[in-house]
Amino acid sequence: MDTVDLFRFKTTEQMETMMHDDHKRDEMSGELADIFFFLLRFAQMNGFDLAKCLEDKMAYNELRYPVEKTKGSNLKYNELDT
């Protein structure tokens, strides 16, 4: 099973059910570990500082999604009233 197949096209209710199923949680745990390992290894092999990547992205998102406009909203930046 591909990693995203565990999650793709699932409703909120289906995801909630999966979260209470020990077998599904074990599957998810394994897939998350694979993704995490890939991410760490990719970053290492290509010289990415993941902490810096996250800090930079958070700073970028602060500009794109200012709290006063976006608090409590899940709209994308291009859907916000300017």
Side chain of Ser29, backbone of Arg25: donor and acceptor closer than 3.5 Å?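 No; judged by distance alone, with no hydrogens or angles, the pair does not exist.
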If I take atom [atom1] from residue [X] and atom [atom2] from residue [Y], how far apart are they, to the nearest 0.5 angstrom?
{"X": "Leu32", "Y": "Leu39", "atom1": "CG", "atom2": "CG", "result": "12.0 Å"}
{"X": "Arg41", "Y": "Asn46", "atom1": "CZ", "atom2": "CG", "result": "9.5 Å"}
{"X": "Phe42", "Y": "Phe37", "atom1": "CZ", "atom2": "CZ", "result": "13.5 Å"}
{"X": "Thr12", "Y": "Gln14", "atom1": "OG1", "atom2": "CD", "result": "9.5 Å"}
{"X": "Glu27", "Y": "Glu31", "atom1": "CD", "atom2": "CD", "result": "7.5 Å"}

Would you say that more than 12 heavy atoms from the other residues, nucleotides or ligands in this model lie under 6.0 Å from the CE of Met19, or not?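 Yes, CE of Met19 has more than 12 neighbouring heavy atoms, counting only those of other groups under 6.0 Å.
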Taking a hydrophobic cluster as the set of Ile, Leu, Val, Met, Phe, Trp and Tyr residues connected by side-chain heavy atoms closer than 4.5 Å, whether directly or through intermediates, do Phe38 and Phe48 fall within one such cluster?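 Per the 4.5 Å side-chain linkage, Phe38 and Phe48 are co-clustered.
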Can you get from Leu50 to Phe36 by hopping between Ile, Leu, Val, Met, Phe, Trp and Tyr side chains that sit under 4.5 Å apart?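 Yes; tracing contacts between hydrophobic side chains, which count when under 4.5 Å, links both residues.
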I'd like to know if Lys52 and Glu55 make a salt bridge, using a cut-off of under 4.0 Å between side-chain N and carboxylate O.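 No, no charged N to carboxylate O under 4.0 Å.
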What closest approach, in Å, do Lys10 and Met18 show between heavy atoms, and which atom pair accounts for it?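 The pair with the smallest heavy-atom distance is CE-SD, 3.9 Å.
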